[in-house]
Amino acid sequence: MIDEFAKGTLHVRLRRDREALLWKLDGLSEYDARRPLTVTGTNLLGLVKHVASVEARYLGEVFDRPSPEPLPRWQDHDGSDLWAAEDETRDQIIESYRRTWKHSDATIDQLALDAPGHVPWWPEPFSNTNLFAVLVHVLGETNRHAGHADILREGVDGRTGMRPEHDMQIDEDARTAYYAKIEQAARSAASVEAQKAVPP
């Protein structure tokens with residue numbers, strides 16, 4: 001009974017975070033969806049592409065249920081899952097992710113939480129694992145990258161939130177005042193710290 005409750009709870013959270021990640025692409029131009037937004041090249045469409053490949057491997061290959069989506073061998077990983085090439089459309093990447101969800105959901109539904117899996121890229125003695133550990137790992141990866149997408153999207157156009165129903169009109173005056181309040185607190189704390197460092 002507790003296993004089914006735990007599996008159901010983790011699965012609901014995974015579904016929620018998948019949708020949150022995809023929502024961060026809504027309304028963006030092709031350029032803004034793809035362009036590097038950090039010095040390491042992190043970009044919104046690339047996050048979706050990356051999380052799709054992570055999920056396809058962990059909830060497919062690890063349980064000897066290869067993904068129907070084309071994936072290079074994990075040994076050949078070259079970072080190309082972190083950005084979208086010119087000939088890859090946004091729709092192709094999103095649809096590939098959604099197909100991965102179906103394959104992953106079938107794995108989750110059909111296997112018990114203690115079903116054995118093998119993660120060859122994990123070091124010993126952790127490579128032999130089970131669905132529970134992998135599901136927690138995939139949820140953590142998805143949640144982490146959805147958080148990255150939150151920050152990136154806020155930097156592009158100021159939109160924040162986890163789901164469309166939480167999206168609100170931006171009050172620029174209130175946002176500016178809130179930012180200034182936090183900035184002033186940081187400057188005051190730095191000033192106090194600097195005064196402490198000055199010898200008497």
Side-chain angles (χ1 to χ4, degrees), residues 6-26 28 30 33-34 36 40-124 126-150 152-153 162-163:
K7 183 163 77 166
T9 300
L10 292 170
H11 202 174
V12 164
R13 294 290 299 260
L14 177 60
R15 287 181 171 123
R16 179 201 68 179
D17 291 347
R18 288 166 172 166
E19 293 287 355
L21 177 58
L22 271 190
W23 180 52
K24 295 302 169 180
L25 294 173
D26 278 8
L28 288 180
E30 208 55 47
R34 296 164 176 267
T40 58
T42 308
N43 60 94
L44 287 159
L45 190 57
L47 285 174
V48 172
K49 185 179 174 184
H50 173 67
V51 172
S53 69
V54 166
E55 187 170 320
R57 289 202 193 284
Y58 278 100
L59 291 169
E61 292 176 17
V62 165
F63 296 98
D64 204 20
R65 295 169 52 86
S67 170
E69 298 302 302
L71 289 171
R73 296 181 330 136
W74 65 268
Q75 299 95 325
D76 299 331
H77 182 265
D78 61 0
S80 59
D81 67 326
L82 295 168
W83 58 283
E86 296 90 336
D87 61 348
E88 294 178 291
T89 71
R90 184 189 326 206
D91 287 345
Q92 285 172 334
I93 291 171
I94 290 171
E95 287 311 307
S96 175
Y97 189 27
R98 289 189 182 280
R99 288 191 301 271
T100 293
W101 296 359
K102 290 181 183 175
H103 187 72
S104 298
D105 289 347
T107 298
I108 295 166
D109 290 341
Q110 292 171 21
L111 300 180
L113 281 181
D114 62 355
H118 180 71
V119 186
W121 52 91
W122 282 3
E124 296 299 340
F126 307 107
S127 60
N128 289 317
T129 187
N130 60 34
L131 179 62
F132 177 76
V134 168
L135 192 47
V136 169
H137 181 81
V138 170
L139 177 58
E141 283 281 321
T142 306
N143 185 270
R144 177 173 178 253
H145 291 309
H148 292 154
D150 271 340
L152 295 181
R153 181 63 191 257
M162 190 168 170
R163 295 188 290 274

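Heavy atoms only: backbone and side chains are in, while hydrogens, waters and symmetry mates are out.
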### Query
Does R99 reach the side chain of P68, with side-chain heavy atoms less than 4.5 Å apart?
no
### Message
Under 3.5 Å, is there a donor on one side chain and an acceptor on the other for D78 and S80?
### Response
yes
### Task
Would you check if V138 and V134 make a side-chain contact, meaning some heavy-atom pair closer than 4.5 Å?
yes
## Note on the structure
Sorted by chain and residue number, the ring-ring contact (aromatic ring centres under 6.0 Å, His included) partners of W83 (sequence neighbours excluded) come out as none
### Task
Report the residues that fulfil ring-ring contact (aromatic ring centres under 6.0 Å, His included) with H137, sequence neighbours left out, ordered by chain and then residue number.
Y58, W122
### Task
Indicate whether the side chain of T100 and that of E69 have a donor and an acceptor atom separated by less than 3.5 Å.
no
### Query
Does one side chain, of D81 or S53, offer a donor that lies under 3.5 Å from an acceptor on the other?
yes
#### Entry: Whether over 12 other heavy atoms sit under 6.0 Å from E124 CD
yes
### Message
Tell me if the CG atom of D64 is crowded by more than 12 foreign heavy atoms within 6.0 Å.
### Response
no
### Summary
Residues A85 and R34: closest non-hydrogen pair is O-NH1, 3.1 Å
### Non-hydrogen atoms of L131 and L111 that approach each other most closely
CD2-O, 3.6 Å
### Summary
Residues L82 and N43: closest non-hydrogen pair is O-ND2, 3.0 Å
### Message
Would you compute the distance between atom CG of L10 and atom CZ of R15 and round it to the nearest 0.5 angstrom?
### Response
11.5 Å
### Query
With distance as the sole criterion, is a donor-acceptor pair present between the side chains of D105 and H11 under 3.5 Å?
yes
### Query
Between R90 and L45, which heavy-atom pair has the shortest distance, and what is it?
CG-CD1, 3.9 Å
### Query
What's the spacing between E95 CD and W101 CH2 if we round to 0.5 Å?
9.5 Å
### Task
Mind running side-chain contact (heavy atoms from CB on, under 4.5 Å) on L22 and V48 for me, showing each step along the way?
CA-CA 7 Å; L22 271 190; V48 172; 3.8 Å; yes
### Message
As an exercise, state the distance from CG of L135 to OG1 of T9, rounded to the nearest 0.5 Å.
### Response
10.5 Å
### Message
Apply side-chain contact (heavy atoms from CB on, under 4.5 Å) to residues R153 and L28 and explain how you reach the verdict.
### Response
CA-CA 9 Å; R153 181 63 191 257; L28 288 180; 3.5 Å; yes
### Query
Which pair of heavy atoms, one from L47 and one from T42, lies closest together, and at what distance?
CD2-CG2, 4.0 Å
### Task
Using the salt bridge (charged side-chain N to carboxylate O under 4.0 Å, His left out) rule, collect all pairs that involve residues 43-60, keeping only residues at least two apart or in two chains.
R18-E55, K49-E88, R57-E61
### Query
Roughly how far, to the nearest 0.5 Å, is CG of D150 from CH2 of W23?
8.5 Å
### Message
For a side-chain contact (heavy atoms from CB on, under 4.5 Å) check, start with the C-alpha distance between K7 and I108, then their side-chain angles and the critical distance, and finish with the verdict.
### Response
CA-CA 8 Å; K7 183 163 77 166; I108 295 166; 3.9 Å; yes
### Nearest-0.5 Å distance, CG of residue L139 to CZ of residue R16
7.5 Å
### Task
Please round to the nearest 0.5 Å and tell me the distance separating atom CZ of R98 and atom CD1 of I93.
14.0 Å
### Message
Under the criterion side-chain contact (heavy atoms from CB on, under 4.5 Å), I'd like the reasoning laid out for V62 against T107: C-alpha separation, chi angles, the key distance, then a yes or no.
### Response
CA-CA 10 Å; V62 165; T107 298; over 6 Å; no
### L21 versus A149, closest heavy-atom pair with distance
CD1-CB, 3.8 Å
